[in-house]
Amino acid sequence: MSAPEQTPTPQSRHPSALDDLLATRESAPRAPRSSSRPGAGRFRRGAQHQGETRSLFGEILDWMLAPLLLMWPLSIGFTFIVARSLADAPFDRALIDHANVFVRQIQIVDNRSVVRNPRGLRDLLGRGTEDTLFYQISKADGALLAGEQTMPSPTLYDFPAPGRIKLRTDQFRGQEVRIAYTYMDNPDDTAVSADFPVLVQIAETLDMRVALANEIIKGVIFPQFIILPLAVALVWFGLSRGLAPLNQLQQRIRERRPDDLSPIDPRGAPEEIAPLVAAFNELLGRLDDSFGSQKRFIADAAHQMKTPLAGLRTQAELALRETEPEQLRRRLEQLAIGSDRAAHLISQLLSLARMENLRDSTPRHAIDLAPLARSAASDWAIDAIELGIDFGYESDDAPAPIAGEPVMLREMFGNLIDNALRYTPRGGSVTTRLRSSAGRVEFEVEDSGPGIPESERSLVFERFYRVLGSNIDGSGLGLAIVREIADQHDAAVEILDGRCPTGPCGTRIVVSFPKLRETL
């Protein structure tokens, strides 16, 4: 018995080869060719739209330089704040010292406050400070003892304890000033006088402070104008050196021959892209298998089509030479039979190529195999009646949940039943069965044909292999298609002897699927 013959539907035994060719995905879709328009294929950093490419170098550079450029103005702001605080510290200490000196210039005479040498107070502040330093000494009732009359006084809740010096910022003569102020109390607690406490204030404009802060900022910021471009250049150089192994790997791939699908040597590639190289090698392996399958398909098709095409040519030439109508009719009948065989062979070849191409790409769904098997068996009932074969379907009526693709499974059942019908003589029987157990679902096709010798049962799954002496027209591809579909569904295919009352006869082909745990 030879490998089964695959027929998509009983009503249309030999479908159009063109339809099969259109339905067969023999190769993956090719990537679109690069556009010849100017600028086509140019890398765009940060491109988010589908179809646009992004530069890894530019992406990393953006994520490194963007924070750096963002931190630069923040650094300038913090530098200004720190520079102001550094500039304020010595000037504030000087103001406090001046306030202490001015407090010592106040004397208490007859329970009244008196300023020593009021005209010499300006000399204590230093010459040339008339426009930057100002002072005021006033009594508790507001009477001025020395200095500026219009200098602002502290607020009601801003009085420091006597002898303690405080600092505040205020407005004087239309400009901002820094003021150190303190109060001097009467040491004689029992005496009562309107002079005490005496307020002493020393004010200074902020011009010198701002000038010093600007000098500090200049000393810090100007080097940054050199450091920042240098940092950018170093980052650029570091990224270029870091991505150099990627460029070398790219060059190695570009230098490969178009037919070289050997794995890429991961040595020399960065550790971070080792998974990418491994995935690419896995893809190359799948491509190698796919191309090998296509090459085998082309070689097998070319080899197998020679005989039927040569036969068609011979019958056509003989028909052209015939002059008797009866002989011409016979030749034309032979042409029709030969064309049917060729169409069937082409259909089988394309079906096998389609199944192999769908490997690992067709999603499987949870389905109940019982109605699918029953429907596939009913499709062949009319053909069995025409062939004079007792055809039946048996089932335990239990759910048969599996993970599968219905179209491919129907193709498998059709091949198994067609194979049994072809090799069962008239008056024989073909029985299909579906059984569901605890962990498996079994689909079985049993016939009463001549059977397959045990020594050849492992060979009938090979392409174009046919058992010698069967005298049955076929291409030897049916069981190859069955095995391909079974492998894609993690199913096991087994060929056994048929069960007859008097002993083994015929053939049983059992396909065992793993059963899903979920109930459909």
Side-chain angles (χ1 to χ4, degrees), residues 70-106 113 115-140 142-185 197-228:
L70 179 63
M71 292 298 296
W72 191 45
L74 295 178
S75 173
I76 294 177
F78 284 122
T79 301
F80 179 78
I81 295 174
V82 172
R84 285 298 304 267
S85 64
L86 292 176
D88 285 342
F91 287 97
D92 287 346
R93 285 196 297 269
L95 282 178
I96 292 173
D97 292 340
H98 288 314
N100 286 326
V101 171
F102 272 58
V103 168
R104 295 190 187 98
Q105 302 304 315
I106 301 174
S113 59
V115 179
R116 301 176 187 174
N117 190 14
R119 295 183 179 181
L121 292 179
R122 168 57 60 180
D123 295 336
L124 296 177
L125 298 177
R127 296 183 179 276
T129 60
E130 292 82 2
D131 296 332
T132 58
L133 285 172
F134 309 94
Y135 65 93
Q136 182 191 64
I137 303 176
S138 60
K139 299 180 181 181
L144 182 67
L145 292 178
E148 302 290 341
Q149 178 68 44
T150 58
M151 185 174 295
S153 300
T155 60
L156 180 63
Y157 301 101
D158 200 20
F159 285 84
R164 180 184 175 187
I165 299 176
K166 291 188 67 175
L167 295 166
R168 75 177 194 274
T169 302
D170 212 330
Q171 294 287 330
F172 178 61
R173 294 184 180 178
Q175 58 183 336
E176 197 171 22
V177 293
R178 185 74 167 165
I179 301 176
Y181 60 100
T182 184
Y183 288 93
M184 177 182 175
D185 207 352
V198 178
L199 173 63
V200 177
Q201 296 191 103
I202 308 296
E204 184 181 32
T205 60
L206 303 183
D207 295 341
M208 296 181 65
R209 297 167 182 256
V210 173
L212 178 59
N214 290 339
E215 291 296 327
I216 296 175
I217 292 173
K218 290 177 182 179
V220 175
I221 297 300
F222 282 166
Q224 291 189 13
F225 282 99
I226 300 175
I227 294 175
L228 183 63

**Q** Flag the pair L133 / L95 as yes when at least one side-chain heavy-atom distance between them is below 4.5 Å, and no otherwise.
**A**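 Result yes, sub-4.5 Å side-chain heavy-atom pair found.
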**Q** Answer yes if the side chains of Q136 and E148 hold a donor-acceptor pair under 3.5 Å, and no otherwise.
**A**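 Not at all, the side chains of Q136 and E148 share no donor-acceptor pair under 3.5 Å.
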**Q** Let me confirm one number: the CD-OG1 distance from E204 to T132, rounded to the nearest 0.5 Å.
**A**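 It comes to 6.0 Å.
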**Q** State, with a plain yes or no, whether a side-chain heavy atom of L124 is found less than 4.5 Å away from one of Q105.
**A**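 They are in contact (side-chain heavy atoms under 4.5 Å apart), so the answer is yes.
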**Q** Of the non-hydrogen atoms in L145 and V115, which two are nearest, and what is the gap between them?
**A**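 Smallest heavy-atom distance, with atoms named: CB-CG2, 3.8 Å.
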**Q** State the CG-CG distance between D88 and L167, to the nearest 0.5 angstrom.
**A**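 Rounded to the nearest 0.5 Å, the CG-CG separation comes out at 9.5 Å.
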**Q** Working to the nearest 0.5 angstrom, can you tell me the gap between L199 CG and L144 CG?
**A**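 Here the interatomic distance stands at 10.5 Å.
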**Q** Over all heavy atoms of both residues, which pair between Q149 and G142 is shortest? Give the atoms and the distance, please.
**A**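 Closest approach of Q149 to G142: NE2-O, 4.4 Å.
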**Q** Dump the intermediate steps for side-chain contact (heavy atoms from CB on, under 4.5 Å) on V200 and I106, then the final yes or no.
**A** CA-CA 10 Å; V200 177; I106 301 174; 3.6 Å; yes
**Q** Determine, for F91 and R178, whether the Lys NZ or Arg CZ falls below 6.0 Å from the six-membered ring centre while staying within 45 degrees of the axis.
**A**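 No.
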**Q** Take a 6.0 Å sphere around CG of D131 and say whether it holds more than 12 heavy atoms from other residues, nucleotides or ligands.
**A**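 12 or below, so no.
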**Q** Provide the closest heavy-atom pair for A213 versus A87 in the form atom of the first, atom of the second, distance.
**A**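 Of all heavy-atom pairs spanning A213 and A87, the closest is N-CB, 3.9 Å.
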**Q** So, taking the atom named CG in D207 and the one named CZ in R209, what distance separates them when rounded to the nearest 0.5 Å?
**A**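 CZ of R209 is found 11.0 Å from CG of D207.
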**Q** Would L125 and R122 satisfy side-chain contact (heavy atoms from CB on, under 4.5 Å), going step by step from the backbone distance to the final call?
**A** CA-CA 5 Å; L125 298 177; R122 168 57 60 180; 3.7 Å; yes
**Q** Over all heavy atoms of both residues, which pair between A146 and Y135 is shortest? Give the atoms and the distance, please.
**A**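 Heavy atoms of A146 and Y135 come nearest at C-CE1, 3.9 Å.
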**Q** Go through the steps to decide whether N100 and T182 satisfy the test side-chain contact (heavy atoms from CB on, under 4.5 Å), and finish with yes or no.
**A** CA-CA 9 Å; N100 286 326; T182 184; 5.9 Å; no
**Q** Do R104 and M184 come close enough that some side-chain heavy atom pair is under 4.5 Å?
**A**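 Side chain of R104 against side chain of M184, heavy atoms only: no contact under 4.5 Å found.
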**Q** Using 0.5 Å steps for rounding, measure from the CD atom of Q201 to the OG atom of S153.
**A**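 Q201 atom CD to S153 atom OG measures 5.5 Å (nearest 0.5 Å).
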**Q** So, applying ring-ring contact (aromatic ring centres under 6.0 Å, His included) with F134, which one of F172, F102, Y181 is it?
**A**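 So the option named by the test is F172.
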**Q** Measure the spacing between CD1 of I179 and CZ of R168 and express it to the nearest 0.5 Å.
**A**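 Going from the CD1 atom of I179 to the CZ atom of R168 covers 4.0 Å.
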**Q** Stepwise, does the side-chain contact (heavy atoms from CB on, under 4.5 Å) test hold for L121 with I137?
**A** CA-CA 11 Å; L121 292 179; I137 303 176; 4.0 Å; yes
**Q** Have a look at T205 and tell me which of T129, V177, V210 forms a side chain to side chain contact (heavy atoms under 4.5 Å, CB included) with it.
**A**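 Going through T129, V177, V210 one by one, the side chain to side chain contact (heavy atoms under 4.5 Å, CB included) with T205 is satisfied by V177 alone.
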